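Note that the structure is a prediction, hence the values are computed from the model and not measured. Reckoned from all heavy atoms, side chains included, excluding hydrogens, waters and symmetry mates. We name chains A, B, ... by the order of the sequence lines, and we start the count at 1 in each one.
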Amino acid sequence: MSGTGETPGTVAERPRPPEPEGPSRSHSVLREIASGNALAGVLAVVLAVAVGSLMIAVTDERVRETASYVFARPSDFLGATWDAIWGAYTALLRGSVYNDRVDDFATRIRPLTETLKFAGPLIAAGLGVGLAFRAGLFNIGGRGQMLLAGAAAGWVAANLGLPTALHLPLAVLAGMLAGALWAGIAGVLKARTGAHEVIVTIMLNYVGFYLVFFMLSRQGLLQAPGSGNPKSAPAQETAILPRILGERFNLHLGFVLALVAVAVVWWLLSRSTLGYRIRAVGENPSAARASGIDVGRTYVVVMLIAGALVGLAGANQVLGTVTSGVTVDLDAGIGFDAITVALLGRSRPLGILGAGLLFGAFKAGGFAMQASEGIPVDIVLVVQSLIVLFIAAPPLVRAIFRLPAKEAK
Amino acid sequence: MSTTGLSPAPVPTAGPTIDTVPVVSRKTPIIFGVLTLALVLILLLEGQSGETTFRLAARTDFATLPELTVPSMGGAWALAVACALLTAESVRRYAGRRRTAAWVLVAFAVAWMAGFLTWAAAGETVPVVGLLAGSIALAVPLVFGALGGVLGERAGVVNIAIDGQLLLGAFAAALVGSLTGSPWAGLVAAMVAGALVAVVLGLFAITYFVDQVIVGVVLNVLVIGLTSFLFSQVLAPNAASLNTPPRFPRIPIPVLGDIPLVGPVFFRQTAVVYLLYIAVALVSYALYRTRWGLRVRAVGEHPKAADTVGIKVNRTRYRTILLAGAIAGMGGAFYTLVSVPQFNREMTGGAGYIALAAVIFGKWDPIRATMAALLFGFASNLQGVLAVLGSPVPSQFMLMLPYVITIFAVAGLVGRSRPPAADGVPYQKE
C-alpha cells in the first residue's frame, strides 16, 4: 500500500507504525514485558524500594539535623538514616502482613486480611488492563469504567428490593455490564474508525467522571433521596458482599470473586479459541488478519471483557469496601493502579495475582506507615511508578546491576 | 482496508489533490444546521422571561462601552434567526462548491454563543469581559501544555506526561519562587522542571525504546507521588518560607490595553501571558518556516529518510522534547506564580490531559492547538459563569465538552485528525 491509497476522506488514525516488516514496535514492547525474566522484575522492585528509602531519609527531619554535623559524628547520621528507613518499612510490614505489637493472634494477622481486601479490586482491574494488553490494546480507562460500574452496581444495590440470592449477583452483574459497555465504546471506535484507544479511554475517564457526578447530584437519578450531597443511598443489606472471615475482619467475598476472575482469565487466554485469537491479534494483527481472524471484532470483544473485569473491581468497591453509598471517589486510584499491576504482572493472570497482592500490601501498609511514622502515603505512588518504569526498561536494570545483556533480537 | 492496514505512512504533501475540482465537505453546513436546530429547540421547549444585560466594559476602563440590555426571548430568537441565515449562506456556498468562508464561521459561532447566553442568563447580567478574560486565565496552562505537546509529537515523541510537566513546573516555581522571592527565578525553575520530566521521558522512550504511552502515564503518576510526598513532608510544614511564592504583577500595555473589550481581555495580563503570545508565534513560525522546524517535522514524519540525509534523529528528538518540556513547565508556573500563590497537591487537576486533547483536536498544529485550548478554557469558564448565573444547563455537561469533542475528533467525525506518521515510534538505526 502506498501513500496515495490514503485519501483525505479516511478516518483519523493514531500511531500507525510504519514498518511493514515484522510486528509493530508497541507489540514487541508488550511481548518484551510479557517475556522479560523474573530476575529483572525482582531487581526493579529492589531498585524502586531503594529510591523510596532515599526519599524517606532525605526528607526525615532528624536525618537532616544530623547531616549538618555528619563529618563530626557520622554515626549519628547513619543511625538516624537507618532509623527512618527501618521505621518506615517495618511500619509498612506491620500494616500489611503481621502486626507483632498486639496480643491475640486474630488481631495480629488482621493486616494480612486488609492486604487481601485491597488486593481484590486491584487484581480484578489489573486483569482487565492485562487482558487488553495481550490483544495489543492499552486500556487506560480503568477509572471511568470503575465509576460507571460502581454507579450501576450502586443503583441496583440501593433501589431494588430482592432476596440476597438474586440481589447480590444482579448488582455485581450490573456493574460488570456497565464497565463492559463503557470500555466497549473504545473498542468499537478502535475497530470501526481506528481511533486510538489510549486517547479514547483517557477521555472517557473524564466523561465518565462528570456523567456519574451529574447523576449523583440529581434527585431521581442516583442521588440519595432528600440529600443535597453528590452521593447515592447506601447499599441494602441484601446486596452487600458478605464478610468471609466473620465480622471481625473487613475481608469480603470480593477477593474470592477476584480469584475466580484470575482462573477464568487464565482459562480464557490459554485454553479457549477466543484467547488464542486475542493472543494472535496482540502478537501481530496483520498475521492474525491474514489467517482469517476478524481483528476488529476481537478488539471489541476484548474491550468488553476487559471492561467487565474492571467493572467487577468497581462493583467490589461499592458492594464490599465502601457500602455507605456511591461517590465519585469510589475508584480510589485503582483504575490507574491497575495499569501498574498489569505491567508488573506481565499481563499473565498469575503474575497479576502476585502483583495485585504486592500492591494491595503497599496500600494497606502505606496507610499504616502514614499513621505511625508520619510518612505521607504518596511515597507508595512513587515506589509503584518506579517499579513499573524499571520493569518496562529491562536494559536499564541490566545496565545498573551489570547483568549480561539478553541476546540481540 | 485503509483503516486497519499497517501501511507505510501517507506522504503529507498534496499529491492527488492537484485537480481543479475542489472537494467541499458538507460537514460544516450540517453542523451549522444541527446547532441552529438545537438552539431553536431550547428556545421552544424552555422559555425564559425578563431581560438580559451584557456588560461590555471592565470597571476600570478608560473608554467604556455602555451596557447592552435586550429582552431575553426576543434577543435570543433574533440571534437564532441570524444563525439560520448563516446556515443558509453555508448551504448556498456548498451548493456552489465553495467552502464556507471564515467570516461565516466566526459570525455563526458568535451569534450562536450570544443567543445561547441571552437565553441562559435571562434576568441577569453577563460580564462579557470577565467571561473572556477568565477564559484566557484558564486556558494559559492548556496552551503552554498543548504547545509542548505539539512540538514533541511533531518530532515523533508522544507526550502523555504533559500533566506531569505542568505539575512539576508548578511545584518548582512555588519552591524556587518562595526561596528567591523572584517570580522570574520561579519561572526559570519551572522550565527546568518541565525539561527534567522530558529528560526522563526521553531516556526511557528514545534511548531504551520503552513504549511512550506507558512512560507518559507512569511519569504522571510518579510526579503526582513525588510532589504530593514533598508537599506533605517539606512544603506544608514550612509553608511560610517554602510555599509563599511571589506573584507576577499585572502589566497593562499602554495603548493596546485601552481598546474597549479587547484591551482588558488580552492586554492587561501578566508577563507570563505575554510570553505565551510570543511562544505561540515563535513555535508556529519556527516549525514551518525555519530549517530547524523542517528537521523536526522530518524526524517525526519519516525518521529513516531524515537519517539518510544526515539528520541526527534521536538528538533532534531529545532537543525538541527538552524545549517542549520547558514550554510546558512555563504553563505549570502559571498556577503558582499567577493564579494561586501557593502549591497544592495535584493542583493541575488533569489539565495536561486536556492539553493533550487540544493537541489532537488542533490536528498537531500550534495555532489550531492554541485555538482548541482557548476553546476548552472558554468552555470551562463558561460553566463557572453559568453556575453563578443559575443557568438551567448542568455544569457537568459543560465540563464534559472538551473530552467529548476530542473523542469525536479522534474518531474522525469532526474533521480528520492525522498525527505525524512516526509519532510514538522509537527510532532504531539498523
With a cut-off of 3.5 Å and sequence neighbours excluded, list every side-chain donor-acceptor pair involving residues 219-228 of chain B.
unit_1: Asn220(B); atom_1: OD1; unit_2: Gly164(B); atom_2: N; d: 2.8
unit_1: Asn220(B); atom_1: ND2; unit_2: Ile160(B); atom_2: O; d: 3.0
unit_1: Asn220(B); atom_1: ND2; unit_2: Tyr353(B); atom_2: OH; d: 3.0
unit_1: Thr227(B); atom_1: OG1; unit_2: Val223(B); atom_2: O; d: 2.7
unit_1: Thr227(B); atom_1: OG1; unit_2: Ile224(B); atom_2: O; d: 3.3
unit_1: Ser228(B); atom_1: OG; unit_2: Ile224(B); atom_2: O; d: 2.7

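Ring centroid separation for the pair Phe138(A) and Phe133(A) comes in under the 6.0 Å cut-off.
Under the side chain to side chain contact (heavy atoms under 4.5 Å, CB included) criterion, Leu235(B) pairs with Phe171(B), Leu175(B), Phe231(B), Leu242(B), Asn243(B), Phe343(B), not counting sequence neighbours.
Both the backbone and the side chain of Leu389(A) have a heavy atom closer than 4.5 Å to some heavy atom of chain B. Heavy atoms closer than 4.5 Å to chain B are found in the side chain of Val198(A), but not in its backbone. Interface residue Val218(B): backbone and side-chain heavy atoms are both found under 4.5 Å from chain A. Contacts between Phe214(A) and chain B at a heavy-atom distance below 4.5 Å involve backbone atoms as well as side-chain atoms. With a threshold of 4.5 angstrom between heavy atoms, Ile202(A) approaches chain B through side-chain atoms but not through N, CA, C or O. Proximity to chain A (any heavy atom under 4.5 Å) is restricted, for Val213(B), to the side chain, taken from C-beta onward.
When all heavy atoms of Leu204(A) and Trp182(A) are compared, the closest pair comes out as O-NE1, 3.2 Å.
We find that Asp337(A) and Lys363(A) are joined by a salt bridge, their nearest charged nitrogen and carboxylate oxygen being less than 4.0 Å apart. Using a 4.0 Å cut-off between charged side-chain N and carboxylate O, Asp294(A) and Arg289(A) make no salt bridge.
With respect to chain B, the highest number of heavy-atom pairs below 4.5 Å among Leu381(A), Leu211(A), Thr59(A) belongs to Thr59(A). The most heavy-atom pairs under 4.5 Å with chain B, out of Ile379(A), Val58(A), Val200(A), come from Ile379(A).
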